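Numbers here are sequence positions counted from 1. Given the structure is predicted, the values throughout are model-derived calculations rather than measurements.
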Amino acid sequence: LKIKTITSVQSKVNNKKIFSYKADKLIACSNSIKQHLTNNYNIDENRIKVIYNAVDSASTKPVIEKEQLKKDICIGLEDFVIGFVGRINFEEKGVDILLDAFKVLSKQQLKIHLLLIGEGSNYNEVEEYYKKNKSKATLLSSKENIFDYYNLMDLIVLPSRVDPFPLTMIETGLMKRPLIGSNVDGIAEFIEHGVNGLLFESGNPDELKQQIVKIIENKKYGVTLADNLYNKVLKSFTVQKIFPQYEKLYKDILKDAN
C-alpha cells in the first residue's frame with residue numbers, strides 16, 4: 001500500500017520496535033533519542049524529525065488552595081517540600097537515588113518533606129522505605145489535578161538514570177518551580193546548569209543532596225532558576241509553539257505522497 005507512516009519515539013528501546021522504525025518519518029522527542037535511533041538502528045538522519053514535548057499553559061492553574069492541600073495530606077505548613085512526579089521506578093527514573101539523598105538530608109534539615117506522585121514497579125518498595133525510616137515523606141498515586149500538587153512543591157527533582165525528555169521538566173517550568181535533574185539524555189539537553197536549573201551526576205545521591213541544599217539555603221537563587229526555566233518553556237515549549245511543527249510535518253509528507 002502506498003501509505004505514508006509516521007512514528008513518534010518517546011523512549012529508548014533496544015532490540016524491539018523493528019516495524020515501527022520502518023516508518024517513513026520518525027518523530028524523536030529529543031536529540032538524545034535521535035542519536036539513539038541513528039546509533040542503534042542505523043536510521044538515516046533525514047528520516048528523523050526532532051519535535052520536543054509540549055505543555056498547555058492554560059491548564060496549569062491550581063484549583064485547591066496550597067495550605068488546604070498541605071493539611072489534607074499531612075504536610076507541615078512551614079515544611080520545604082521536595083517533589084517528584086513520574087513513574088515510581090528505580091531502574092530508569094532513579095527514585096532510589098532521591099530516597100538515599102533525602103534520608104541523609106532529613107537528618108540535617110528538620111523542616112523538609114518529600115512528596116512523590118506516580119505509580120510504577122517500585123511503588124511498594126518506596127512505601128516500605130519511608131515507613132521503615134520514619135521519614136517525613138508522602139507517596140501518592142497519579143493525580144488528574146497534578147498542578148494543584150506542583151503548587152505546593154518548593155523544588156522538583158528528576159533523579160533519572162534514563163530520561164528522553166520528561167514532561168515533568170516543562171510542567172515544572174510553567175509552574176515557576178526550581179528543578180534539579182540528573183545529567184542524562186533530554187534533561188541535560190534542556191537544563192543549563194546554574195542558569196535555569198541544576199544538574200547532578202546521575203546515580204550520585206551525595207551530589208544530589210548538595211544541589212538540594214543550595215536551593216534550601218538560597219531561596220532567591222531558586223526563584224531566579226525557576227524564572228529562567230519558565231521563560232524558556234513559555235518561549236519554545238508550549239502547545240502553541242510545538243503543534244505547528246507537527247502540522248508542517250504532516251502537510252509535507254502528504255505533499256510528497258501526492
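Within the 3.5 Å criterion, the main-chain N or O of Ile216 finds a donor-acceptor partner in the side chain of Lys219. Of the possible donor and acceptor atoms, none in the side chain of Asn122 sits under 3.5 Å from a partner among the backbone N and O of Glu125. At least one donor-acceptor pair under 3.5 Å links the side chain of Ser30 to the backbone N or O of Pro164. Put simply, the side chain of Asp24 gets close to the backbone of Thr5: a donor and an acceptor are under 3.5 Å apart. Between the side chain of His36 and the backbone N or O of Lys12, no donor-acceptor pair lies under 3.5 Å. With hydrogens and angles ignored, the 3.5 Å screen pairs a side-chain donor or acceptor of Asn204 with a backbone N or O of Asp206. Distance alone, capped at 3.5 Å, places no donor-acceptor pair between the Thr7 side chain and the Ala23 backbone. Of the possible polar contacts, none joining the Asp79 side chain to the Val81 backbone as a donor-acceptor pair under 3.5 Å is found. Panel note: side chain Arg177, backbone Asn151; a donor-acceptor pair is recorded below 3.5 Å.
Separating the CG atom in Leu225 from the CG atom in Leu198 is a distance of 5.0 Å, to the nearest 0.5 Å. A distance of 7.5 Å separates CD1 in Ile187 from CG in Asp185, rounded to the nearest 0.5 Å. We find the CD1-NZ distance between Ile82 and Lys136 to be 11.0 Å, quoted to the nearest 0.5 Å. With rounding to the nearest 0.5 Å, the separation of NZ in Lys34 from SG in Cys29 is 13.0 Å. With rounding to the nearest 0.5 angstrom, the OG1 atom of Thr38 is 8.5 Å from the CG atom of Asn42. Separating the CD1 atom in Ile75 from the CG atom in Leu115 is a distance of 5.0 Å, to the nearest 0.5 Å.
Side-chain contact between Lys71 and Leu77: present, with at least one pair of heavy atoms (C-beta onward) separated by less than 4.5 Å. Under the 4.5 Å side-chain criterion, counting only non-hydrogen atoms from C-beta, Ile180 is in contact with Ile215. For the pair Leu208/Ile212, a side-chain contact is recorded, criterion being any heavy-atom separation below 4.5 Å from C-beta on. Taking 4.5 Å as the limit, some side-chain heavy atom of Ile6 sits within range of a side-chain heavy atom of Ile253. For the pair Pro159 and Phe200, the minimum side-chain heavy-atom distance is below 4.5 Å. Side-chain contact between Ile73 and Leu152 is present, with at least one heavy-atom pair separated by less than 4.5 Å. Side-chain atoms of Met153 and Met175, non-hydrogen and from C-beta on, never get closer than 4.5 Å to each other. Side-chain contact between Val95 and Leu116 is present, with at least one heavy-atom pair separated by less than 4.5 Å.
Between Ala101 and Pro205, the shortest heavy-atom distance links the atoms CB-O, 3.4 Å. A pairwise comparison of heavy atoms in Asn89 and Ser121 identifies ND2-OG, 3.4 Å as the closest pair. When all heavy atoms of Tyr123 and Ser141 are compared, the pair lying nearest together is OH-N, 3.7 Å. Of all heavy-atom pairs spanning Glu189 and Ser32, the tightest one is OE1-N, 3.1 Å. Heavy atoms only, all atoms of each residue included: Ile242 and Asn53 are closest at CG1-O, 4.3 Å. Closest of all the heavy-atom pairs between Thr60 and Asp56 is CG2-O, 3.8 Å.
By the 6.0 Å contact criterion, CD on Gln245 is enclosed, its count of non-hydrogen atoms from other residues, nucleotides or ligands being greater than 12. When the shell of 6.0 Å around CD of Gln35 is examined, it contains 12 or fewer heavy atoms from other residues, nucleotides or ligands. The environment of CD in Gln10 is crowded: more than 12 heavy-atom neighbours from other residues, nucleotides or ligands sit within 6.0 Å. Other residues, nucleotides and ligands place no more than 12 heavy atoms under 6.0 Å from the CD atom of Glu78.
Residues Asp148 and Lys66 are not paired through a salt bridge, judged by the lack of any N-O separation under 4.0 Å between the basic side chain and the carboxylate.
Under the 30°/60° scheme for interplanar angles, the aromatic rings of Tyr150 and Phe147 are found to be tilted.
Just one residue in the list Val233, Thr238, Leu229, Leu234 forms a side chain to side chain contact (heavy atoms under 4.5 Å, CB included) with Ile170, and that residue is Val233.
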- Query: Glu119 and Arg87: salt bridge (Lys or Arg N to Asp or Glu O under 4.0 Å), yes or no, with the steps?
  - Reply: CA-CA 5 Å; Glu119 295 169 5; Arg87 276 187 292 122; over 6 Å; no

- Query: Run the side-chain hydrogen bond (donor to acceptor under 3.5 Å, both in side chains) check on Lys214 and Gln211 step by step: do they pass?
  - Reply: CA-CA 5 Å; Lys214 287 181 183 179; Gln211 302 298 348; 3.2 Å; yes

- Task: Begin with the C-alpha distance, continue with both residues' side-chain angles, and end with the deciding distance and a verdict on salt bridge (Lys or Arg N to Asp or Glu O under 4.0 Å) for Asp252 and Lys25.
- Result: CA-CA 11 Å; Asp252 288 346; Lys25 286 288 184 180; over 6 Å; no

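For residues 58-113, no residue pair satisfies the ring pair (Phe, Tyr, Trp, His ring centres under 6.0 Å) rule, not counting sequence neighbours. Sorted by first then second residue, the salt bridge (Lys or Arg N to Asp or Glu O under 4.0 Å) pairs that include residues 190-204, not counting sequence neighbours, are Glu192-Lys232. Listed by first and then second residue, the salt bridge (Lys or Arg N to Asp or Glu O under 4.0 Å) pairs involving residues 158-175 are Lys93-Asp163, Asp96-Arg161 (not counting sequence neighbours).
Residues Gln68 and Asp72 have side chains that bring a donor and an acceptor to within less than 3.5 angstrom of each other.
Here the two rings, on Tyr52 and Phe190, have centers that are 6.0 Å apart or farther.
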